[in-house]
Each structure stands twice: as C-alpha cells, then as structure tokens.
Amino acid sequence: MTRELVTFRVAGGSGAVDADPVTTEIVRNSLNIAANQMKRAIVRTAFSPCIVEVLDFAVAIYDRKVRMLAQAPSMPIFMGTMNFCVDSAVASVGGEETLEPGDIIIYNDPFGMGSHQQDLALVMPVFLNDSELIGYTTIKGHLLDIGGKDPYSTDTVDVFQEGTIYPGIKLYKRGVLDEEMNRMLLANSRVPKMVDGDIRGEVIGCRTGAAALIEVVERFGLETFNQATERMFDHGESIVRSYFERIPDGRYVGHGVMDDDGVSDEKVPFDVIVEVEGSTVRIDYSTVPDTRPGPINTPQASTISASRCAVTMLAGGSEAPNEGHFRPIEVVTRPGSMFHPEWPAPCFLYGWPAMQAIEVIYQALSQAMPKAVPASSGGDVCAMIFWGNDPETGEPWADGAPHPIGQGAHAEGDGVSSMHIMQAATRYSPIEIWEAKFPWLVDEVSLAVDSCGPGKHRGGLGVSFHFRMLADSWVTTTVDRTKTTPWGLQGGDDGVCNTIYAHMPDGERIGPFGKATRMFLPEGAVVELSSGGGGGYGPAAERDPAAVHNDIREGYITEAHARAHYPHAFADLPATAAE
C-alpha cells in the first residue's frame, strides 16, 4: 500500500525584526555560555564515564515556542532531535498549562524523541518570576542500562526488547523528587548507582541552564530578549540560505549500504535524494527500504537530525546553530520505512543509518560541488559495550564508548585521523580511567597503519584498540561498514573498512565480524578493533612525493603501501629504499 509522504519544515521568520545588532550578538553569546554552563554542570556531577568522559549527551535551551536558542558542543546527532523531546514530553503531561516551576519531565519514547530508550531526556520548563513560562532547558544523555533484554543489543525485533519506556512523567514536581517514580526507574537498570548518578547530573544541568536563561532574560528584559532572538534566528537562516543559493538547482542522489539489519545478513542499500531549489534544500528519504525486521530503523526525529547535522556543518558558517539555521531545510520521509518506522518497530541501532545518511548527503552534493565536501569517512562509531560483575565485590559494572575513525580527504588537504562526524565532540575514556574502573587492560591504542585511502590528499587514519579481559565479561559490538569501503572523491581511492576480531584464551579466533550481542569473553580474551580510514581525494599519482615520504616517516603508511599506491614517489629511488 502506498503511504503518503511526510514533509517536515521549520516555519520561517518575518524578516522584519527591529533589534539592535550589538544587543543581539551579546544575547546570542550569553545563551551559548548558558548552554556551556549546563554542559560543565553535568560533566562535573554525573557518575559514569559514558557521560563524564565520553560526553555521550546533548544540552540545549529552547524558547517558549520550542525553538532552539543555544546548544553546547557534545553529541551533534542528538541536537537536531531535542525539540522533538521537548514537544513530546510536554504534550505527554498534558501541555504547557500543566507545567509548574521546578517540574522536570523524564521522556524516552523512541518514536517521540528519535533515539533508543537509553538516551533518556529530561525537560525542565523555565519560568520568569515563578509565573511566566519563557522556555525550556533539556538534556538527553545515554544511560548505561535501562532494562532492555541486554545492556546493548544488535538483534532486537521490537521496541519492547530495547528497554523500559517512560512516556513523559514528572520526575520532579515543583522541585520535589517523586520518590516512587525514581524507585521504579532505578529498579529497571542493571547498574542503578550509575543511572541514579547520571540522572541527578542531568537534573543539575537542567537547573543550571534554567538559572542562566532567567539571568539573561532579566538582564535585557523579556521584550528586548525576544526581539534579539528573532533577529538571531533570521541571521542563522540567512547564513544557510546564502550558501545554498550558490549551488546549482538540481536533484542529486547519494547511495549508501548498511552491512545488515542485525537480524538478517543481507546488505541494506538505500538512496538519499538531495534537491536544491534556490536557497532551500530538500532531503528526500522517500525511496529507502521499508521498515526492517532488525533494529537499524531510524525514527523520524533522528532522520531529521541527521539531515540538519549534514546541512549545518556544511553551510552553517562555523557558528553554533540555532533554530534559524534549520529553516532552509526540508526533510521528506515515508511512514513505514527504514527512516520513518512506526510503533513498535525495533530501532535500537537508529544512529547507524543516520550517521551513514550524513555521508550519503555529502556524496550526493559532491555531484554539484566536489570541492566543498569530503570523501567518505570510516562511516561508523564502532561502539562496543562491555559489562559483567566485579569479581571482588560482586557489583555489576558496564561501560561503552564510540571509537573514532578516519575522516575523508577533501580538496584542501588530508582527512583528519581519529575523529567522528555525528559525535564530533565525543571521545573515548582515558586509558587510566578505563583500567582503574573496569576489569580489563588496554594492550594497544594506535593509529591503524595503511587504513587511509590514497589520493592527492589521503584520507585520515582509523584507530586500533586491543582490550584484554581480566575477568569474565560480555560484550556487544555494533560495528557496521565492515563490508563497504569508505569511498574516495575525484579519483581518490577508497579507505579500509572497519574490522573486529575476538581472540579466546584457548586460541580460537572469532571474526572478522561486525554486530554481535552478548558475546561471552572469558578472562584472558582479547578484543581487537581496527576502525576504518577515510577515502582519498584526487588521483594518488598527484600526491606530493615529499608528503608520501613524510607519511612513511610518521608511521601512517608502510613503504609497501606507498610503493603500491604512489610509485611516482619512488621513481628515482632504489627498490628497497623508502627515502
């Protein structure tokens, strides 16, 4: 049955706002500072390394109309979903008329906020003089476990297996914790101490942002503040529109492939259509596959967020985005599809297609402006989640992290090594933290030699991680793009795929594999992950020989790799010499 397409767009401004530009800039920066205060508050008070070290969360401040005023750098793919979190959470408790000063709502319905249940959101209404609603502060952070069939999964078949759902409930009422609700929440976690500490950190972050927003409004007065934010939105819109006005109107198609859906082994190809018309860009997902039986389905909110990330990182003028930056973007989805699943479809790995969609959007736009976009990155966050019970105390533990990849090269230079796209401000925990808190040793962390795609400008390098287990543990790996190489652009060659192996104490070697749920790792087992490198840009024959030899000296590539891909760099050298 043909389903009616859904087009999501943000309403534009009037373009006739009379606000002082200097005051507007002060307000804009004050709001960005307020968002960063929220970020620092949660980092300093949360419990788990997932929040404190990895920064697997996002914070944002919205006005009363749920338009984004400011965010702090952390998890980009979350940012474009936060307005959905606020809208859905407020609607779930009966609308804004039911809100009171000090209320904080918890919300994690995947089909309302765009993420799996572990990315639980808090939404706090902000009142001026305890009477007038002026906006919201919100944080969405990844909790280590929220009661799914496993702490992390790649093989779920419906949303009920993926964790406890909290469909908009006031955890705090007029500033007072609902103890019974909090007990229910913690009872549905394998690591309640970590979850309790992280949620309390989110609460502190929301309250910090609320106090800062009130301070900004009181400083300028509500009328001046509102005028300044309207002008701020209009300015953000004009920046993005001015970028797309320079792109030839047209329809451009990018092509992506998921390794599998976590349940079947079939590859899952999909196309994303990018249509540029004047200063408006339309990202069209209408031709993607139907909802998959496995959890790679991306709810509409995260599909929109991926589109916003791709466009604003490209056209946002290096500014911290606000609602205005999103106005030129239209997103078309088809309900019942992989990028707009409906209840109760599994969507635990929602972020993996969303992440690849960003790459595919750039691939499409490369047809119109090849000098403006990079080649493909390693294309995945290569997340691994370990858990078990402490052999000395019996206490449950869990930890997980994304692992960085190589970025694609571009017209101006080589790709960046060891970095994400959709998680650009996140990181993995310091080795000292990992080894102090969890029963493993990290035998190796190094750049993955020869992983970069050759080209006039080479791709960035991935990273190799070796984890040696000091106690019986389990792991879920979510690695994709193990079968499809990161593409090059303008004659550049592909980078190397992500790979992962497990070496058991009895000598058995498992792999290479990508997605695996609850793999048992006995004491002494070693997990080896090598993340992919970025694609190259331009023909390898045009690379400066001096750059080739510098890469050899720095250990980025071997001489054998260099001779295979850059023979011109050795034209005047003997066959066994690198220099």
Full working for side-chain contact (heavy atoms from CB on, under 4.5 Å) between Asp260 and Lys483 = CA-CA 10 Å; Asp260 53 64; Lys483 303 174 183 177; 4.1 Å; yes
Working for side-chain contact (heavy atoms from CB on, under 4.5 Å), residues Gln490 and His457 = CA-CA 11 Å; Gln490 298 297 102; His457 303 300; over 6 Å; no
Centroid-centroid distance, His142 to Phe78, less than 6.0 Å = no
key: Nearest-0.5 Å distance, CG of residue Asn83 to CE of residue Met113   = 13.5 Å
query = Which pair of heavy atoms, one from Gln37 and one from Ala212, lies closest together, and at what distance?
reply = OE1-CB, 3.3 Å
ask   = Are more than 12 heavy atoms from other residues, nucleotides or ligands located less than 6.0 Å from atom CD of Glu342?
value = yes
task = Tell me, with the steps shown, if Cys347 and His116 meet side-chain contact (heavy atoms from CB on, under 4.5 Å).
result = CA-CA 6 Å; Cys347 52; His116 53 212; 5.8 Å; no
request  = Evaluate the side-chain proximity of Ile405 to Val463: yes if any heavy-atom separation is below 4.5 Å, no if none is.
outcome  = no
ask   = Ser92 side chain to Ser88 main-chain N or O, any donor-acceptor pair under 3.5 Å?
value = yes
inquiry  = Filter on salt bridge (charged side-chain N to carboxylate O under 4.0 Å, His left out), then keep only pairs touching residues 364-380, sequence neighbours left out; what's left?
reply    = none
query = For the rings on Phe326 and Phe8, is their centre-to-centre separation under 6.0 Å?
reply = no
request  = Locate the shortest heavy-atom distance separating Pro341 from Thr298; write the atom from each residue and the value.
outcome  = CD-O, 3.0 Å
request  = Could you grab the distance from atom CG of Asn498 to atom CG of Asp480, nearest 0.5 Å is fine?
outcome  = 8.0 Å
query = Quick one: does Asn297's side chain get under 4.5 Å of Phe339's, heavy atoms only?
reply = no
message = Show every salt bridge (charged side-chain N to carboxylate O under 4.0 Å, His left out) that has at least one partner inside residues 69-97, sequence neighbours left out.
response = Arg64-Glu96
query = Taking only residues at least two apart or on different chains, which pairs with a member in residues 288-311 satisfy salt bridge (charged side-chain N to carboxylate O under 4.0 Å, His left out)?
reply = Asp261-Arg292, Glu266-Arg292, Asp290-Arg334
message = For Glu215, is there an ion pair with Arg219 - N to carboxylate O distance below 4.0 angstrom?
response = no
inquiry  = Strictly below 4.0 Å, N to O, side chains only: are Glu230 and Arg67 in salt-bridge contact?
reply    = yes
key: Closest non-hydrogen atom pair between Ala301 and Thr81, with its separation   = O-CG2, 3.6 Å
ask   = Are His410 and Tyr537 close enough that their ring centres sit under 6.0 Å apart?
value = no
inquiry  = I need the Asp234 CG to Asn322 CG distance, nearest 0.5 Å.
reply    = 9.5 Å
key: Ring centre gap for His340 and Tyr285 strictly below 6.0 Å   = no
request  = Provide the closest heavy-atom pair for Thr291 versus Ser337 in the form atom of the first, atom of the second, distance.
outcome  = OG1-O, 3.3 Å
ask   = Could you go step by step and tell me if Asp259 and Lys267 meet the salt bridge (charged side-chain N to carboxylate O under 4.0 Å, His left out) rule?
value = CA-CA 5 Å; Asp259 282 356; Lys267 289 185 178 181; over 6 Å; no
task = Taking the side chain as every heavy atom from C-beta outward, state whether Phe233 and Arg327 have any atom pair closer than 4.5 Å.
result = yes
query = For Arg251, does the CZ atom sit with more than 12 other heavy atoms under 6.0 Å from it, leaving out its own atoms?
reply = no
ask   = Distance from Glu330 atom CD to Arg282 atom CZ, nearest 0.5 Å?
value = 4.5 Å
request  = Could you walk me through whether Ser376 and Arg481 pass the side chain to side chain donor-acceptor pair (under 3.5 Å) test, one step at a time?
outcome  = CA-CA 11 Å; Ser376 175; Arg481 293 292 292 276; 3.2 Å; yes
task = Might you work through the side-chain contact (heavy atoms from CB on, under 4.5 Å) test for Val93 and Ile169, ending with a clear yes or no?
result = CA-CA 7 Å; Val93 297; Ile169 300 168; over 6 Å; no
query = Between Gly462 and Ser451, which heavy-atom pair has the shortest distance, and what is it?
reply = N-OG, 3.0 Å
message = Using 0.5 Å steps for rounding, measure from the OG1 atom of Thr138 to the CD atom of Gln71.
response = 12.5 Å
Verdict with supporting geometry, Thr156 and Glu162, side chain to side chain donor-acceptor pair (under 3.5 Å) = CA-CA 7 Å; Thr156 51; Glu162 299 177 344; 2.6 Å; yes
ask   = Can you tell me how far the CD1 atom of Ile106 sits from the CG atom of Asn108, to the nearest 0.5 Å?
value = 7.0 Å
ask   = With a 6.0 Å cut-off on ring centres, are Tyr152 and Phe348 close enough?
value = yes
inquiry  = If you define the side chain from C-beta out and look only at heavy atoms, does anything of Thr229 sit under 4.5 Å from Leu69?
reply    = yes
